[in-house]
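Before any comments, here is the structure.
Protein chains get the first letters and strands the later ones, always in sequence-line order, with residue 1 at the start of each. Just so you know, these numbers use all the heavy atoms, side chains as well, and skip hydrogens, waters and symmetry mates.
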Amino acid sequence: MTASETSPSSDFIRAAIAEDLKSGRYQLVHTRFPPEPNGYLHIGHAKAIAIDFGVAAEFGGLCNLRYDDTNPVKEDVEYVDSIKEDIRWLGFDWNSREFYASDYFEELYEFAVQLIKKGKAYVDDQSAEKVRLNRGTLTEPGVASPYRDRSVAENLDLFERMRRGEFPDGARVLRAKIDMASGNLNLRDPVMYRILHNPPHHRTGEKWCIYPMYDFAHGQSDSIEGITHSLCSLEYEDHRPLYDWFVSELGIYAPRQIEFARLNLSYTVLSKRLLRRLVSDGYVRGWDDPRMPTLSGLRRRGYTAESIRTFCDRIGVSKVDSTVDIALLEHCLREDLNKRAPRVMGVLRPLRVVIENYPEDKVEGLDAVNNPEDPAAGARKVPFSRVLYIERDDFREVPPPKYYRLAPGREVRLRYAYFVKCVGVVKDEQTGEVVELRCTYDPETLGGSAPDGRKVKSTIHWVSAAHAVPAEVRLYDRLFATENPNVAPEGEGFLSNLNPNSIEVLADCYVEPALAGALPGFLCQFERQGYFCVDPDSTPAKLAFNRSVQLRDEWAKIESKAAAAS
RNA sequence: UGGGGGAUCGUCUAGCGGUAGGACAGCAGACUCUGGAUCUGCAUGCCGUGGUUCGAAUCCACGUCCCCCAGCCA
């Protein structure tokens, strides 16, 4: 373990909090993770969760889970449930501190009344369109609403009637009276409450027909919960003056907001709106499609919580707009799985091999190590017999330069078994396709080496045909073909950057019998190929695997360089 | 052009007036019953221009570029 892993990280947020504790501005640390239940959590949220919960834990404080559920039009219990599941899976715990902005609706309403009484809020009858027009532009000040100077009594009466449901959606809003000329648009009399008769709220049902805007709910919710540090993303920087204004006008406890850059990942979109589009329009199978950057998708793909937490630690925290290379995420998974995933042999594109000099009905159980990185993982027996399957790609009729594997006349080692030499190639008479290899084995080479000292340049994996378990394997590639999917050609959207080959399903694979009955979620390494995870689609009759991530592949590099050179 | 932020290897990120470091990616090699893992080495960076200073990524000035904000979304 290195120093950077043992000593507390020194990003600007932790430094600021340490300073606040030292100066006495706050005596403790209490953060919160505040999702809106309008979609599934993704890897970007994992960063926020790791910061919110991580910072609290490091300073011996607490972190609440609070749903900012102020817009019933977009929210649903399906999302609140999935969010809880994902946070728990990641390994964080809010104990009993599960809150909802909707828990505070009554209090928030009283806050609004308080501001009306102070002459700091008013009911505006203008249409949404009118409000927008009168807000001004980036360079021109806004125009005051003709209703801005209504009496406190009239405002009180109107607001109460809004609550009682006397007005239709959009008829009126409650606005803060701040400054229509402010350079900060958020301060040009922002809307505090709007009327929404439908649909019912997932928690408060039909009780309310007016709902606070996020900006009027968030800061006060933090205040009510006694949050010391409200950590959020950069786009809320210019909302901070507004939150401070509310808290100050209301005379309530003030948290400190600190903003950090949200995560961007190459070849990925991380926006709930865009991810929802992929789901609703059927570009993926659902929120948990293994190609999705959602936590449920990554989990199904085979990502471990540990690897995602490591990733979040490594990317750091700063205020710079940044895009992390997805290769780092993949690296974190490999690193984790290398230590813990049992090795097995699985043949993805089978090529039949007959060992001519191996007895017809003989079967040997050969010893195979489960994980060379972990002696405690033990060993297993793998059945070997006369007819095997090897990987199609491990044979070339005309081997290119630097290709070490099987070819006519060449000898290789079958992992944990024998040296075999290719002595014949059987082809389909019609297509010319190689359908079978005839090989001979050297009985003296069991254990991996030849008594005469001869070497082979390569070891390949295999499964015994008679013992093989059939399986389906899904190979995934990045969902988008371009590094930044948000940059699309004129007139086209991010969908035009979708990678048409993001999934390849191999229906006729074979895996070694040790895998029979493996349960969904089971993770293993198919030697020489990658890490694979049993998918929930598996049935007792047929296993289905997802490729979580490929192993690093030197040969693939050599080959693609050769292809590029020619 | 109003307001708010930000610029350090290809990508993330350290640095807080005293030799610009780490990780990923890349390249080269060693080792290997996984062309895996591991190990070794290499290359690449302070947005620009002035100034202060013995000494500047760091302090100051002036520029330049990038991001966010005109939802009754969050």
Side-chain angles (χ1 to χ4, degrees), chain A residues 2 4 9-11 15 34-36 38 68-71 73-75 124 126-129 131-133 135-142 169-175 181-188 190-196 211 213-215 217-218 233-241 259 261 263 266 272-273 314-332 334-335 338-339 343 345 368-369 372-373 402-405 413-417 419 445 447-449 456-461 483 525-530 551-558:
Chain A
T2 66
S4 66
S9 319
S10 59
D11 58 72
E36 183 192 16
N38 67 342
D68 277 335
D69 54 349
T70 55
N71 185 359
V73 174
K74 296 186 173 178
E75 296 153 9
D124 193 346
Q126 293 182 113
S127 65
E129 168 84 355
V131 168
R132 182 168 58 77
L133 259 23
R135 187 150 26 225
T137 68
L138 294 180
T139 50
E140 300 160 299
D169 286 9
R172 290 184 161 87
V173 290
L174 182 71
R175 290 231 256 170
S182 173
N184 182 344
L185 275 353
N186 295 122
L187 265 21
R188 316 242 266 228
V191 173
M192 295 162 59
Y193 270 89
R194 76 289 214 185
I195 301 170
L196 246 34
Y211 291 92
M213 297 290 290
Y214 172 88
D215 278 350
H218 188 81
S233 49
L234 254 28
E235 65 264 38
Y236 292 105
E237 254 170 336
D238 47 17
H239 291 242
R240 181 163 19 97
E259 309 86 4
L263 173 69
S266 59
K272 276 196 258 185
R273 186 177 64 84
R314 297 227 177 130
I315 58 176
V317 187
S318 75
K319 301 192 71 151
V320 188
D321 284 304
S322 58
T323 300
V324 175
D325 189 340
I326 195 167
L328 178 60
L329 214 213
E330 295 172 341
H331 168 82
C332 290
R334 280 193 206 99
E335 182 181 59
N338 178 49
K339 291 178 300 191
R343 272 61 168 171
M345 292 194 283
V369 171
E373 304 293 320
K402 295 192 186 156
Y403 184 87
Y404 302 150
R405 283 111 91 151
R413 175 168 38 231
L414 293 178
R415 174 127 241 226
Y416 297 125
F419 285 12
T445 57
S449 57
V456 289
K457 294 194 86 168
S458 160
T459 300
I460 66 174
H461 60 275
E483 204 169 318
Q525 180 194 105
F526 286 2
E527 292 217 25
R528 306 205 302 131
Q529 308 199 86
L551 245 25
R552 279 174 55 200
D553 188 348
E554 287 296 318
W555 168 242
K557 273 187 197 172
I558 295 170

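Nearest-nucleotide positions on RNA chain B for E335(A) and V324(A) put V324(A) closer to the 5' end. Each of H331(A) and S182(A) lies near RNA chain B, and the nucleotide nearest S182(A) is the one positioned closer to the 5' end.
The nucleotide C65(B) finds its pairing partner in G6(B), both defining distances of the Watson-Crick or G-U wobble pair being shorter than 3.5 Å. Of all nucleotides present, none satisfies the Watson-Crick or G-U wobble test against C46(B) with each distance under 3.5 Å. In this structure, G71(B) makes no Watson-Crick or G-U wobble pair, since no nucleotide meets both defining distances under 3.5 angstrom. Nucleotide G18(B) is matched to C54(B) when pairs are restricted to Watson-Crick or G-U wobble geometry with both distances under 3.5 angstrom. Look at U32(B): it lacks any Watson-Crick or wobble partner with both distances under 3.5 angstrom.
T70(A) has a side-chain polar atom (N or O) that falls below the 4.0 Å cut-off from OP1 or OP2 of A74(B). Phosphate proximity of C33(B) to K457(A): absent, as no side-chain N or O sits under 4.0 Å from OP1 or OP2. Distances shown here put a side-chain N or O of S10(A) below 4.0 Å from the OP1 or OP2 atom of G15(B). For the pair K339(A) and A37(B), the criterion of a side-chain N or O lying under 4.0 Å from OP1 or OP2 is not met. Listed pair S318(A) / U13(B) meets the phosphate criterion, a side-chain N or O lying under 4.0 Å from OP1 or OP2. The side chain of R528(A) places an N or O atom within less than 4.0 Å of a non-bridging phosphate oxygen (OP1 or OP2) of G35(B). Phosphate proximity of A74(B) to R194(A): present, with a side-chain N or O under 4.0 Å from OP1 or OP2. In this model, the phosphate group of U34(B) is not approached by any side-chain N or O of H461(A) to a distance below 4.0 Å at OP1 or OP2. Put simply, R135(A) has a side-chain N or O that comes within less than 4.0 Å of OP1 or OP2 on G71(B).
Y236(A) comes within 4.0 angstrom of a nucleotide base, judged by non-hydrogen atoms across all strands. Counting any heavy atom pair closer than 4.0 Å across all strands shown, G447(A) reaches a base atom. Within 4.0 Å of E36(A), counting heavy atoms only, lie sugar-phosphate atoms of the nucleic acid but no base atom. P35(A) comes within contact range of no nucleotide atom at all, as no heavy-atom separation falls under 4.0 Å. Using a 4.0 Å heavy-atom distance criterion, R240(A) is classed as making no nucleic acid contact. Y403(A) comes within 4.0 angstrom of a nucleotide base, judged by non-hydrogen atoms across all strands. Y416(A) comes within contact range of at least one nucleobase, with a heavy-atom separation under 4.0 Å. Across all strands shown, V456(A) has no heavy atoms under 4.0 Å from either base or sugar-phosphate atoms.
Following rounding to the nearest Å, M345(A) (CE) and G36(B) (C1') show an atom-to-atom distance of 15 Å. Following rounding to the nearest Å, I460(A) (CD1) and G36(B) (P) show an atom-to-atom distance of 16 Å. Summarising the geometry, the separation between NZ on K272(A) and P on C73(B) is reported as 15 Å, rounded to the nearest angstrom. In this entry the distance linking CD of E140(A) with C1' of G2(B) reads 10 Å, nearest Å. Rounded to whole Å, the distance from CG on L329(A) to C1' on A25(B) is 14 Å. When the C1' atom of C73(B) is taken as reference, atom NZ of K74(A) falls 4 Å away, rounded to whole Å. Atom CD1 of I195(A) and atom C1' of C73(B) are 17 Å apart (whole Å). Whole-Å rounding puts the N184(A) CG to G5(B) P distance at 10 Å.
A donor N or O paired with an acceptor N or O is not found under 3.5 Å between the base of U13(B) and the side-chain atoms of R314(A). One donor-acceptor pair, N or O on each side, does fall under 3.5 Å between the base of G3(B) and the side chain of D238(A). In the interface, the side chain of Q525(A) is paired with the base of U34(B) through a donor and an acceptor atom under 3.5 Å apart. You won't find any donor-acceptor pair under 3.5 Å spanning the side chain of E237(A) and the base of G3(B), going by distance alone.
A salt bridge links E335(A) with R314(A): at least one charged nitrogen is closer than 4.0 Å to a carboxylate oxygen.
Taking every side-chain heavy atom of V131(A) into account, C72(B) is the closest of G2(B), C72(B), U11(B).
Aromatic rings from Y404(A) and W555(A) are positioned such that their centres are separated by 6.0 Å or more.
Proximity of a side-chain donor or acceptor of T445(A) to a complementary backbone N or O of F419(A) within less than 3.5 Å is detected.
By the rule that a glycosidic angle within 90° of 0 means syn, G71(B) counts as syn.
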Worked check of side chain to side chain contact (heavy atoms under 4.5 Å, CB included) between Y416(A) and E527(A)
CA-CA 12 Å; Y416(A) 297 125; E527(A) 292 217 25; 3.8 Å; yes

